[in-house]
Amino acid sequence: MELYRGRLIDHIQLVVRDLPASRRFYGAIFEVLGIPIGGEADDYFWADELFISSVDSRAALGALTGRHHFAFQAKDRAMVDAFYQAGLAASGKDNGAPGERRYHPGYYACFLLDPDGNNVEAVFHGEARRSAAAVEISF
């Protein structure tokens, strides 16, 4: 099986009720995934393609975003397990413990609900060779 992962999504914004709670949750899981926080201010923070802001941020227009599901790629099963434990320790709620799923052979994932009820997944697709670790964009 071959999967082609590109830059389908340029970025996603979540507007949350409690920005400090979200910062703790996402900071914990990003640390496990090796994703640095790219920037932050009193009303937002961002990492890679995910931008998270408070409802009173200029970028939010005063409205919460609602419930979403998205998945982060993990480099192995141990990273999925560590993601799950870090997320639980940072007030995430279990929505599916680490384990194999029937989506395709080798699909190993876990699911957590973030402080706003978003379904956040970590997935390892099994042993595979990547053509690149990341996409670099220069301006």
Q: Please report the closest heavy-atom contact between A74 and F124, naming both atoms and the distance.
A: O-CD1, 3.5 Å

**Q.** Donor-acceptor side-chain pairing of Y108 and D76 below 3.5 angstrom
**A.** no

Q: Report yes if some heavy atom in the side chain of L112 is under 4.5 Å from a heavy atom in the side chain of K93; otherwise report no.
A: no

Q.
On a heavy-atom basis, which atom in A97 and which in C110 lie closest, and how many Å separate them?
A. C-CB, 4.0 Å

Q.
Please report the interatomic distance CG(N95) to CD(E121), rounded to the nearest 0.5 Å.
A. 10.0 Å

Q | Side chain proximity check, L14 to L50, heavy atoms < 4.5 angstrom | A | yes

Q. Does R67 reach the main-chain N or O of G117 with its side chain, forming a donor-acceptor pair under 3.5 Å?
A. yes

Q) Is a donor on one side and an acceptor on the other found under 3.5 Å between the side chain of R23 and the backbone of Y44? A) no

Q | Stepwise side chain to side chain contact (heavy atoms under 4.5 Å, CB included) check, I29 with Y84 | A | CA-CA 8 Å; I29 63 174; Y84 182 76; over 6 Å; no

Q. Can you list the steps and then say if S53 with D43 is a side chain to side chain contact (heavy atoms under 4.5 Å, CB included)?
A. CA-CA 6 Å; S53 65; D43 59 347; 5.8 Å; no

Q) Out of curiosity, does V80 fall in the hydrophobic cluster containing L88 (side-chain heavy atoms, cut-off under 4.5 Å, transitive links)? A) no

(Q) Quick check: is V16 connected to F70 through a chain of hydrophobic side chains (ILVMFWY, heavy atoms under 4.5 Å apart)? (A) yes

**Q.** Heavy-atom pair of closest approach, residues A86 and V32
**A.** CB-CG2, 3.6 Å

Q. Any side-chain heavy atom of L113 sitting closer than 4.5 Å to one from V120?
A. no

Q: Compare all side-chain heavy atoms of F83 with those of L33 and state whether any distance is below 4.5 angstrom.
A: yes

Q. How about F72 and F30: are their ring centroids closer than 6.0 Å?
A. yes

**Q.** Closest approach of P115 to A21 (non-hydrogen atoms, all atoms of both residues)
**A.** CG-O, 3.8 Å

Q) Same cluster or not: are W46 and L19 linked, directly or through other Ile, Leu, Val, Met, Phe, Trp or Tyr residues, by side-chain heavy atoms under 4.5 angstrom apart? A) no

**Q.** Distance-minimising heavy-atom pair for I52 and S22
**A.** CG2-CB, 4.4 Å

(Q) Has D116 got a side-chain atom pairing as donor or acceptor with N118's backbone, closer than 3.5 angstrom? (A) no

Q) So how far is it from S54 OG to R17 CZ, rounded to the nearest 0.5 Å? A) 13.5 Å

Q. Does any non-hydrogen side-chain atom of F25 lie less than 4.5 Å from one of S91?
A. no

(Q) Looking at V15, is its backbone amide N or carbonyl O close enough to the side chain of T65 to form a donor-acceptor pair, meaning the two atoms are under 3.5 Å apart? (A) yes

**Q.** Residues R77 and E100 bridged, charged N to O under 4.0 Å
**A.** yes

Q: Using a 4.5 Å cut-off on heavy atoms from C-beta on, say whether the side chain of Y26 contacts that of E31.
A: no

